[in-house]
Amino acid sequence: MSMEYKPLSFEESLVNQWDTELLYACDDNSEKDPYYVLEMFPYPSGHLHMGHVRNYVIGDALARFKRMQGFNVLYPMGFDSFGLPAENAAIKHGINPKEWTQKNVEHMIIQLKRLGLGYDWSRTLSTFNDDYYRWNQWLFLTFYEKGLVYRKKGWVNWDPVDQTVLANEQVIDGKGWRSGAVVEKKEIDQWYLKITDYAQELLDDLDSLTDWPDRVKLMQKNWIGKSVGTEIDFELVDDSGNHLETVTVFTTRPDTLYGATYVSIACEHPLVSTLLKQASDPDEIKSFIAKTMASNQVDRSDATKPKTGKWLGVYAVNPVNQDKIPLYIADYVLMDYGTGVVMAVPAHDSRDYDFATAHNLPIRVVITQDNSQDVEPITAAFTGQGRLIDSQQFTGLHSEKAKDAITDYLISLSKGRRKEQFRLRDWLISRQRYWGTPIPMMYDDENNPVPVSKEQLPVRLPEDVQFDGKGNPLAYSETFMNVTENGKNYRRETDTMDTFFDSSWYFLRYCDATNTIKPFDAEKISYWMNVDQYIGGIEHAVLHLLYARFFVKACRDCGLLTINEPFKRLLCQGMVLKDGAKMSKSLGNTVDPSAIINQYGADTARIFILFGAPVERDLEYTETGVEGAFRFLKRLFSMTIDYGSYSVHPDKVAELNKVCHKTIKAVTDDLARFSFNTAISRIMELLNTMYSIGTTKEVVLICLKLLAPLAPFMTDYVWQRLDQNGSIHAQAWPVCDESVIQDDEITVVCQINGKVRDKLLIAINSDQATVESVAKSSEKIQLYLDSGTLRKTIFVPNKLINFVVT
RNA sequence: GCGCGUGUGGUGAAAUUGGUAGACACGCUAGACUUAGGAUCUAGUGCCGUGAGGCAUGGGGGUUCAAGUCCCUCCACGCGCACCA
């Protein structure tokens, strides 16, 4: 039955066959153990790119492997389908965002199926459908009831290109995460989620995520940014010592309090406007503030730029020694960290040192590394810990003890308190755009926010809108804006939700995708969750992955489920590169996966991706690599479909079976640890063995099963051509027969002083004496032994024998 | 600046626990088959050396009978955070 490998002739019909047979549907009630494989769902741009393909092929291979191993596998796919591209297309080309998105979703489903991805499509979801986003609104209201939602006026990140605000996590190097535009600061009323209530738990529970990459946990830890310190109150006084106000600073170094020579306050601090009245030259200060606020985030956060500031004309009083030190307004103090006021200790903080030297402020050394009392003029801040000097009763203490002692003293004076400070800010979820989930709030005549009642959900996006790019279209929709509830008139909130809200719980919805009375049923969640294996790009290390963790904890506290963390194991696959660079339209180095599929078939694309590099490393796309993958499949196809032409000699059957069962063992291990590249190389070795000594039908069938998760089309096609029952993907995973793979003889390495000098073929489990005598019978070894004195012999059973000769 | 990671043939890589470095592939070389080859098959392929042998996992040092693997140090590249008080 000689046949050429022509994948395009059978792959598509298999897609249809799998679809019809519902091969990948899973059951909520099964005797089998559940296993939940999930990939980060895509934004439906309409076209799959190589990054998607890599992500999904890895997940699909795992899902198929687990299915064959007898698990009840939940492997769903959906679409993160709200967001700006649809709206921008509407503005630019007058296309309806809903129709545009729906079309893209449909096209992507076809592409995903064509790749051979075995999703349970009965659970699919698309976040732009109101049967999904109504539950966004429901969750929002539930969180609101729980006190996890609030509205606040504040300085926010404004993306001038996307015309909307951004959460802190979404500003990267001072630029919008999507648009790349330099963000501006705006002061407006916005909706926030209280993620900071969970800062400590989000930090603590990182330790429980033992199967997450360390670097992701570290990035989250740094993002949460806990620091432990002291808040200290400084009284503000004028020239003649009259009390004006009190400011509070946060410091992690209360041990340096006696070295404070001035206090700095942020431009945005609410007290500044009051203090301006005291200043001798308010206009100069006002222009300084205006200048600072006008400079963009990138410039303002450039630590290398000279620090600027102005004296506010008033003094702060150091609560421990009553020193009157000047209060400066300074551009390097951040309003959104700590209290927006810092005590400046130039001798022991490099930023304060820079500022102090530029403004001729005194520098007072209060920490020494050694015990010397001589204080040389310093040329840089000493920021380490040490022994205190010139610090009254605390002189002589070490920093660590002094921190406690000084804090205790401040507490006794009622001038300070211990404080844990987090860098994490509350999550700003308002977006001033149309194509998102409407925030289910209304405003009464007095502008008080009132929640929409849950029975009224969903608050649907109106259709009578114009996309002219001028402001938020929702505000111009009469049908949307005016609402009457219980006989009272309200105006609707026009902000929509950050799309990260949508993606923070979609993995829960898959567990109960068609529920019409609540977002998900707690029992189904306990059956399926946690996600056993989550797979996605590293770019979401502190965005989506932090939000999703927060959501699960918040849902738990609202009584909706009982788990603490969403994702048990996390894999961040590497990027797909071309010519050493990330594929991008701007570089013009993109590769369209469908081009590979149309020429070589989906199996080739899959094998290329899985074989090319370990999953977590970047993968360089090469044409020769794709051809190599195709060649392998072709060779394997010919061997398996035409195994009768390669029948093994009876003498070689044992050898063949041994290689086959060793391959089962190795491939099973490799797949369990995501080592697809080595799994494929093992199958290649088995194939090479079959070409050299021939094969049997039994071995051919095992070989096909081992490759089935990786190359699902070819293996199923051949399987069915060989008159096997059903699909290969419904078969049980082969099991290694240990008795077949036992070796009688083994190669033991013989070393002289750690260098390999001979290799000995010896009965397995031979003892030291036997190995020694065989080694000594080797002429080569004898020569070395005779050339000196044998000092020591090291023996590792079945591995090596090492003679130390001097 | 701080933190983290990576570095192995011409190339992608393997070596799961300190124990034969370079599996498997790509590429290349030679040969076979062929009207043809960008198909297929066979053999070879870390480097130096005719050879015996020597040298090799970014550089240098250390621990060990034995180091790609552990420790120290330096270098290069990548990533994250970046005035976080």
Side-chain angles (χ1 to χ4, degrees), chain A residues 4 172-174 213-223 225-227 229-230 249-253 256 264 266 300-305 307 330-334 336-345 348-352 354-355 383 421-425 538-539 541-542 607-608 611-614 616-629 631-632 634-635 638 666 669-670 672-673 675 677-685 687-688 691-692 747-759 791-806:
Chain A
E4 208 182 322
I172 293 158
D173 291 335
D214 287 336
R215 63 180 171 143
V216 173
K217 288 190 277 187
L218 194 68
M219 280 163 74
Q220 291 212 354
K221 180 173 182 246
N222 292 339
W223 190 264
K226 181 180 180 177
S227 48
T230 306
V249 306
F250 172 74
T251 181
T252 55
R253 293 299 301 273
T256 64
S264 306
R300 240 190 117 176
S301 61
D302 179 2
T304 59
K305 180 182 69 92
K307 298 171 182 17
D331 63 353
Y332 73 96
V333 181
L334 306 175
D336 55 9
Y337 184 80
T339 59
V341 190
V342 298
M343 68 173 206
V345 185
H348 305 295
D349 182 285
S350 50
R351 296 153 301 180
D352 298 340
D354 291 346
F355 189 87
T383 57
Q421 185 70 43
F422 292 89
R423 204 187 77 118
L424 182 69
R425 310 261 55 90
I538 185 75
E539 65 272 19
V542 286
I607 293 294
F608 163 70
F611 184 63
E616 71 283 357
R617 218 178 294 182
D618 289 347
L619 169 71
E620 175 76 23
Y621 171 84
T622 59
E623 186 67 29
T624 53
V626 174
E627 282 169 7
R631 202 174 306 155
F632 161 63
K634 195 155 67 172
R635 265 164 62 80
S638 308
D669 284 357
D670 285 346
R673 64 190 177 99
S675 187
N677 54 335
T678 55
I680 293 168
S681 76
R682 295 294 193 166
I683 297 170
M684 287 173 170
E685 284 178 298
L687 182 61
N688 291 341
Y691 269 108
S692 96
T747 304
V748 171
V749 169
C750 184
Q751 297 180 332
I752 303 291
N753 296 335
K755 288 194 173 173
V756 179
R757 295 301 179 185
D758 206 356
K759 293 169 186 179
R791 300 288 177 192
K792 200 172 171 184
T793 305
I794 289 108
F795 175 68
V796 183
N798 297 326
K799 280 267 162 78
L800 63 78
I801 184 148
N802 184 14
F803 298 111
V804 182
V805 178
T806 53

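Keep in mind that what you see is a predicted model, and the values were worked out from it rather than measured.
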Problem set entry | Under the side chain to side chain contact (heavy atoms under 4.5 Å, CB included) test, residues paired with A:Q220 that sit two or more places apart | A:L206, A:W212, A:V542, A:L545, A:L546, A:R549

For this session: Rounded to whole angstrom, note down the P distance from B:G54 over to B:U8.
Result: 26 Å

Problem set entry | All side chain to side chain contact (heavy atoms under 4.5 Å, CB included) counterparts of A:D669, not counting sequence neighbours | none

Exercise. On a whole-Å scale, what distance lies between the P atoms belonging to B:G37 and B:C28?
Worked result: 16 Å

Check: protein-nucleotides 30-41 of chain B nitrogen or oxygen pairs below 3.5 Å:
| from | atom 1 | to | atom 2 | distance (Å) |
| --- | --- | --- | --- | --- |
| B:C41 | OP1 | A:R635 | NH1 | 3.0 |

For this session: In whole angstrom, give the distance that lies between atom CE of A:M684 and atom P of B:A25.
Result: 6 Å

Problem set entry | Residue A:K305 excluded, over 12 heavy atoms near NZ under 6.0 Å | yes

Exercise. Can you check whether A:R682 reaches A:D670 side chain to side chain, under 4.5 Å on heavy atoms?
Worked result: yes

Exercise. Any chance NZ of A:K221 has more than 12 other-residue heavy atoms, nucleotides or ligands included, within less than 6.0 Å?
Worked result: no

For this session: Taking side-chain hydrogen bond (donor to acceptor under 3.5 Å, both in side chains) as the test, write out the residues that go with A:D352, two or more places apart.
Result: A:Y332

Problem set entry | Results of side chain to side chain contact (heavy atoms under 4.5 Å, CB included) for A:N222 - residues two or more places apart only | A:L218

Problem set entry | Distance, P atom - from B:A67 to B:U20, rounded to whole angstrom | 11 Å

For this session: Please measure how far the C1' atom in B:A14 lies from the corresponding atom in B:G62, and state the result in whole Å.
Result: 28 Å

Seminar exercise, completed: Here the distance between atom P of B:A66 and atom CZ of A:F803, to the nearest Å, is 16 Å

Exercise. In whole Å, what separates the C1' atom of B:G22 from that of B:U69?
Worked result: 15 Å

For this session: Please report, rounded to the nearest Å, how far the P atom of B:A66 is from the CD1 atom of A:I752.
Result: 13 Å

Exercise. Given the P atoms of B:C24 and B:U42, what is the spacing between them in whole Å?
Worked result: 13 Å

Problem set entry | 5' priority, RNA chain B, between A:F422 and A:K755 [closest heavy atom] | A:K755

For this session: Go ahead and write out RNA chain B as dot-bracket, 5' to 3': ( ) for pairs within the strand, [ ] for ones crossing earlier pairs, | when the partner sits on another strand, dots for unpaired; Watson-Crick or G-U wobble, both distances under 3.5 Å.
Result: (((((((..(((......[....)))((((((.......))))))(((....)))..(((((..]....))))))))))))....

Problem set entry | Set of residues satisfying side-chain hydrogen bond (donor to acceptor under 3.5 Å, both in side chains) with respect to A:D214, sequence neighbours excluded | none

Problem set entry | Interatomic distance, A:E616 CD vs B:G78 C1' [rounded to whole Å] | 15 Å

For this session: In whole angstrom, give me the gap between the P atoms of B:A15 and B:A25.
Result: 16 Å

Exercise. Does a side-chain heavy-atom distance below 4.5 Å link A:V341 with A:V333?
Worked result: no

Exercise. With sequence neighbours left out, what residues match A:R425 under side-chain hydrogen bond (donor to acceptor under 3.5 Å, both in side chains)?
Worked result: none

Exercise. Is there side-chain contact between A:R757 and A:F803, with at least one heavy-atom pair below 4.5 Å?
Worked result: no

Could I get a table of every N or O pair under 3.5 Å where one atom is in the protein and the other is in nucleotides 81-83 of chain B?
| from | atom 1 | to | atom 2 | distance (Å) |
| --- | --- | --- | --- | --- |
| B:C81 | O3' | A:R423 | NH1 | 3.2 |
| B:A82 | OP1 | A:R423 | NH1 | 3.2 |
| B:C83 | OP2 | A:S301 | O | 2.6 |
| B:C83 | O3' | A:R351 | NH1 | 2.4 |
| B:C83 | O2' | A:Y332 | O | 3.1 |
| B:C83 | O2 | A:K307 | NZ | 2.6 |
| B:C83 | N4 | A:R300 | O | 3.0 |

Exercise. What integer distance in Å separates A:L687:CG from B:C24:P?
Worked result: 12 Å

Exercise. Taking the same atom, P, in B:C72 and in B:G5, what whole-Å distance lies between them?
Worked result: 12 Å

Seminar exercise, completed: Separation of B:G27 atom P from A:E623 atom CD, nearest Å, is 11 Å

Exercise. Hey, are the side chains of A:N753 and A:K755 touching, using non-hydrogen atoms and a 4.5 Å cut-off?
Worked result: no

Seminar exercise, completed: Nucleotide by nucleotide, nucleotides 11-21 of chain B touches protein heavy atoms under 4.0 Å in the pattern (B base, S sugar-phosphate only, - none) -BSSSB--BB-

For this session: Decide yes or no for A:M343 and A:D349: does some side-chain heavy atom of the first lie under 4.5 Å from some side-chain heavy atom of the second?
Result: no

Seminar exercise, completed: Sorted by chain and residue number, the side chain to side chain contact (heavy atoms under 4.5 Å, CB included) partners of A:T252 (sequence neighbours excluded) come out as A:S227, A:F250

For this session: Apply ring pair (Phe, Tyr, Trp, His ring centres under 6.0 Å) to A:Y621 and list each qualifying residue two or more places apart in sequence or on a separate chain.
Result: A:F608

